[in-house]
Undergrad: 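For reference, the structure I am asking about is given below.
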Amino acid sequence: MNNNDLQQRGHRVYPNLALNIITRQEHSVSRQLISENALKVLYRLHGAGYEAYLVGGGVRDLMLGGTPKDFDVATNATPEQIRQLFRNCRLIGRRFRLAHIMFGRDIIEVATFRGHHQEQNTQLSVQSDQGMLLRDNVYGTKDEDAERRDFTINAMYYNIADYSIHDYAGGVEDLEDRLVRLIGDPKTRYREDPVRMLRAIRFAVKLDFDIEEDTAEPIERLAYLLSDIPAARLYEESLKMLQSGYGLETYHLMREYNVFEQLFPVISEHFTPDYSSNTEHILDLSLDSTDIRVEENKRINPAFMFAAILWYPMIERANKLVEETNINFYDAVMEASNQVLDRVVKRIAIPRRHTATIREIWQLQLRLPRRNGKRAFRLMELNKFRAGFDFLKMRGEVEGGEIKELALWWDTFQSAGRNMRQAMVNDLNQASTQKPRARRRKPANKKKSKTES
Ligand code: ATP
Ligand code: MG
């Protein structure tokens, strides 16, 4: 295929991008800020005669003077050729075939330049009725690769051959103007891949940029297209949106664009015009605390966030079940947990290990009030006690009253010494014997009570 053909194909769907080369002298990106592993990969590809560029968020964040969280590499070597160059290489991906070069836990992602799609090429690329790209394995030139990228600020290439930066879509200017701007016609680009709507919002918040007008305009109207995205991909995206350090603000911007309800209809049913429901309150609290933990480099568990933001919808469901079917509250919570999680995972594929933890955290909410005898001591030894307690504290802030007092009790109990703990439990025991209880007098098992005392 000659260059003319390529250009013509490019013209059909995409504007002709003008390449602007910024030489090493004209930009401030220093190799010292690029990870050693990324440099190794770039140099090895270059040494073997291939083109090799740092692309995407890595270049963008370096240009902004930040530290990128990962480095992506683009090359004209095919996945097979890449594999032959690196022993520590794994080929992954169906939708996009990519090479992962593994350096222990650090992974450098290497992608072969992608090309445009031709209708006749059904083996390699598949489009849905809505215009969505289902399979996308056409290799192409670097120019085509640039046109296929989402935002102008993500289409800059750092060339390891001469340390220049190749800016295809005016990314440098948009960085200066602090704008998230799609390359090409926004509606077409969102139809090709609706996740780009989520990415626009995510980058706007993370970089503190505005979404350029034409890029922002169709989002509200096209948000419904997100329902066609596989649940596994939406799960990954939702974590990037909510657990990468800017969750609170990202959630609020998602709401402004009516996008949040596409991901979490179960939750958005509990939204109010003035953001005043318990669900909205706990969303703010849990996202804020996640953001702080990310900032402090603490571990974050997605299960905790999901347990928090789905709690009130689950409880409301449980209360309905009690009303409608006459089962006890404990069973109703179990059943409502199933129903709510089943509904959620259809849209957002939360992995099983996390839904198990969500259930545990929820069940603990039913157990934490019951502290008599040895119960409190035993509860504290449970694996998920800490998460259950942290969640109780958060509920205390939302609900106040008894729950707040209960959380305070547990707070004191944990920091108290042995004797003090025993005294706290004794107090509870006393309080509960003073209360008139319906079935107090069951025949005591003498043997057992002897060994216990
Ligand atoms: P970060 O890693 O900081 O979240 P990033 O821009 O590196 O941001 P990645 O998801 O790592 O985002 O993607 C790397 C690059 O691949 C992007 O910068 C962009 O050029 C391209 N890209 C990713 N997703 C898409 C998409 N859905 N459509 C078009 N291009 C995409
Ligand atoms: Mg990246």
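Each ligand, and each atom within it, is numbered from 1 in the order the structure gives.
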Undergrad: Just which atoms of ligand 1 are under 4.0 Å from any heavy atom in Gly56?
TA: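 Per the distance check, 18 (O).
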
Undergrad: Can you list the residues that meet the salt bridge (Lys or Arg N to Asp or Glu O under 4.0 Å) rule with Glu397, with sequence neighbours excluded?
TA: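 Per chain and number, Glu397 pairs via salt bridge (Lys or Arg N to Asp or Glu O under 4.0 Å) with no residue.
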
Undergrad: Please verify whether a non-hydrogen atom of Phe151 lies at under 4.0 Å from ligand 1.
TA: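 No heavy atom of Phe151 comes that close to ligand 1.
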
Undergrad: One residue to check: Asp150. Relative to ligand 1, which of side chain, backbone, both or neither has a non-hydrogen atom less than 4.0 Å away?
TA: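 Both backbone and side chain of Asp150 come within 4.0 Å of ligand 1.
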
Undergrad: For Glu109, state whether at least one heavy atom is located under 4.0 Å from any atom of ligand 1.
TA: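 No, that is not the case, since the closest heavy atom of the residue is not under 4.0 Å from the ligand.
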
Undergrad: By number and element, which atoms of ligand 1 are closer than 4.0 Å to a non-hydrogen atom of Gly57?
TA: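 Answer, ordered by atom number: 5 (P), 6 (O), 7 (O), 18 (O).
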
Undergrad: Determine, using heavy atoms of Arg233 and all atoms of ligand 1, whether some pair is separated by less than 4.0 Å.
TA: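 Contact present.
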
Undergrad: Measure from the ring center of Trp311 to the ring center of Phe306 and say whether it is less than 6.0 Å.
TA: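 Ring centres of Phe306 and Trp311 not closer than 6.0 Å.
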
Undergrad: For ligand 1, indicate whether the residue Asn154 contacts it via side chain, backbone, both or neither (heavy-atom separation under 4.0 Å).
TA: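 The answer is both, backbone and side chain.
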
Undergrad: Suppose I only count heavy atoms of Arg148 and a 4.0 Å limit; which atoms of ligand 1 are within that range?
TA: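 With Arg148 as reference, the close atoms of ligand 1 come out as 29 (C), 30 (N).
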
Undergrad: Which of the atoms in ligand 1, numbered in the order shown and given with their element, are less than 4.0 Å from a heavy-atom of Asp72?
TA: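 That gives atoms 7 (O), 11 (O), 14 (C) of ligand 1.
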
Undergrad: Can you list the steps and then say if Thr279 with His281 is a side-chain hydrogen bond (donor to acceptor under 3.5 Å, both in side chains)?
TA: CA-CA 5 Å; Thr279 287; His281 196 167; over 6 Å; no

Undergrad: Would you check if the distance from the ring center of Tyr275 to the ring center of His252 is below 6.0 Å?
TA: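 Centroid distance Tyr275-His252: below 6.0 Å, so yes.
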
Undergrad: Measuring from the heavy atoms of Val195, does anything fall under 4.0 Å of ligand 1?
TA: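 The answer is no, since Val195 has no heavy atom less than 4.0 Å from ligand 1.
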
Undergrad: Would you call Glu269 and Arg343 a salt bridge, taking side-chain N to carboxylate O under 4.0 Å as the test?
TA: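 A salt bridge is present here (some side-chain N lies under 4.0 Å from a carboxylate O).
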
Undergrad: For Arg149, is at least one N or O under 3.5 Å away from an N or O on ligand 1?
TA: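 It does: an N or O of Arg149 is found under 3.5 Å from an N or O of ligand 1.
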
Undergrad: Just going by heavy-atom distances, which of Arg202, Arg189, Met197, Glu192 is nearest to atom 4 (O) of ligand 1?
TA: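 Looking at heavy atoms only, Arg202 sits closest to atom 4 (O) of ligand 1.
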
Undergrad: Just so I know, are the side chains of Arg60 and Phe151 near enough to count as touching, which here means a heavy-atom distance under 4.5 Å?
TA: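 SC-SC contact between Arg60 and Phe151 ruled out.
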
Undergrad: Under 4.0 angstrom from ligand 1, any heavy atom of Arg199?
TA: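 Yes, Arg199 has a heavy atom closer than 4.0 Å to ligand 1.
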
Undergrad: For the residue pair His270 / Ser268, report whether a side-chain donor-acceptor contact shorter than 3.5 Å exists.
TA: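 Side chains of Ser268 and His270: no pair found under 3.5 Å.
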
Undergrad: Has Glu26 got more than 12 heavy atoms of other residues, nucleotides or ligands less than 6.0 Å from its CD?
TA: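 More than 12 within 6.0 Å, yes.
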
Undergrad: Taking Asp150 first and then Arg196, would you say they form a salt bridge - that is, a charged N and a carboxylate O separated by under 4.0 Å?
TA: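 So Asp150 does not pair with Arg196 through a salt bridge.
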
Undergrad: Quick test of your reading of the model: are Glu360 and Arg367 salt-bridged, counting only N-O distances below 4.0 Å?
TA: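 Between Arg367 and Glu360 there is no salt bridge, as every charged N stays at least 4.0 Å from the carboxylate O atoms.
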
Undergrad: Quick one: side chains of residues 292-301, donor-acceptor pairs under 3.5 Å with protein atoms, not counting sequence neighbours, listed by atom name and distance.
TA:
unit_1	atom_1	unit_2	atom_2	d
Arg293	NE	Arg299	O	2.9
Arg293	NH2	Arg299	O	2.9
Glu296	OE1	Lys298	NZ	3.0
Asn301	OD1	Ala303	N	2.9

Undergrad: Does any N/O atom on Ala155 come nearer than 3.5 Å to any N/O atom on ligand 1?
TA: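 N/O-N/O distance below 3.5 Å does not exist for this pair.
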
Undergrad: State the atoms of ligand 1, each with its element, that fall below the 4.0 Å cut-off from a heavy-atom position in Asp193.
TA: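 Counting from 1, the qualifying ligand atoms are 26 (C), 27 (N).
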
Undergrad: Only heavy atoms of Asp70, strictly under 4.0 Å: list the atoms of ligand 1 that pass.
TA: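 The atoms of ligand 1 under 4.0 Å from a heavy atom of Asp70 are 2 (O).
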
Undergrad: Which single N/O/S atom of Asp70 lies at minimum distance from the Mg ion (ligand 2)?
TA: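 Within Asp70, restricted to N, O or S, the Mg ion (ligand 2) is closest to atom OD1.
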
